[in-house]
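What follows is a single structure, written as structure tokens, with notes after it.
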Amino acid sequence: MASAGHAIRGSRVGAGPMGEQERGEMAPRTVVSYWCLNGHETRPSFAALEEFEPPEHWDCPRCGLPAGQDQANPPAPLRNEPYKTHLAYVKERRSEADGAALLEEALATLRDRRSGGLATAR
């Protein structure tokens, strides 16, 4: 079947005009090199602005390790904190003595409720 003069054949919906003149001029760019512990180099580009300061670290797209601008001394991998339980977080905020006092207070309240509940049921 021959093309019936469809002008949009071979292009996708929403495709804009091609070429730099239709999109405007591209902002001046600065390319910064980053190296990870595995020796991978990443070269993201940033808009060249007077007050621009590139980020200290950049994630390596190949291995995911942090990368720095000093090739001889790349940053060490981030240390992943293990999963903490609720009890572990509580122990960080409270001492053993605080925990014992709170437990004794809660037990006393529970005992009072139980003894009061039995007395009124009889």
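Keep in mind that this is a model prediction, so the values were computed, not measured.
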Heavy-atom side-chain contact between Thr42 and Cys36 under 4.5 Å | no
Any donor-acceptor N/O pair, Tyr34 side chain to Pro44 backbone, under 3.5 Å = no
Is the number of heavy atoms from other residues, nucleotides or ligands under 6.0 Å of Glu81 CD greater than 12?
-> yes
Looking only at heavy atoms, what is the nearest atom pair of Trp35 and Asp70, with distance?
-> CE3-C, 4.3 Å
When rounded to the nearest 0.5 angstrom, what is the spacing between CZ in Arg114 and OG1 in Thr109?
-> 12.5 Å
hydrophobic_cluster_shared for Leu49 and Trp58, side chain cutoff 4.5 Å = yes
Closest approach of Arg29 and Ser45, non-hydrogen atoms and distance?
-> NH2-O, 3.2 Å
Is there a donor-acceptor contact under 3.5 Å from the side chain of Glu56 to the main chain of Gln69?
-> no
CG (Asp98) and CG (Leu103) are apart, to the nearest 0.5 Å, by 12.5 Å
Check Gln71 against Pro74 and note the closest heavy-atom contact, atom names and distance.
-> O-CD, 3.6 Å
Salt bridge (Lys or Arg N to Asp or Glu O under 4.0 Å) partners for Glu104, two or more places apart | Arg111
Which atom of Gly68 lies closest to which atom of His57, heavy atoms considered = CA-ND1, 4.4 Å
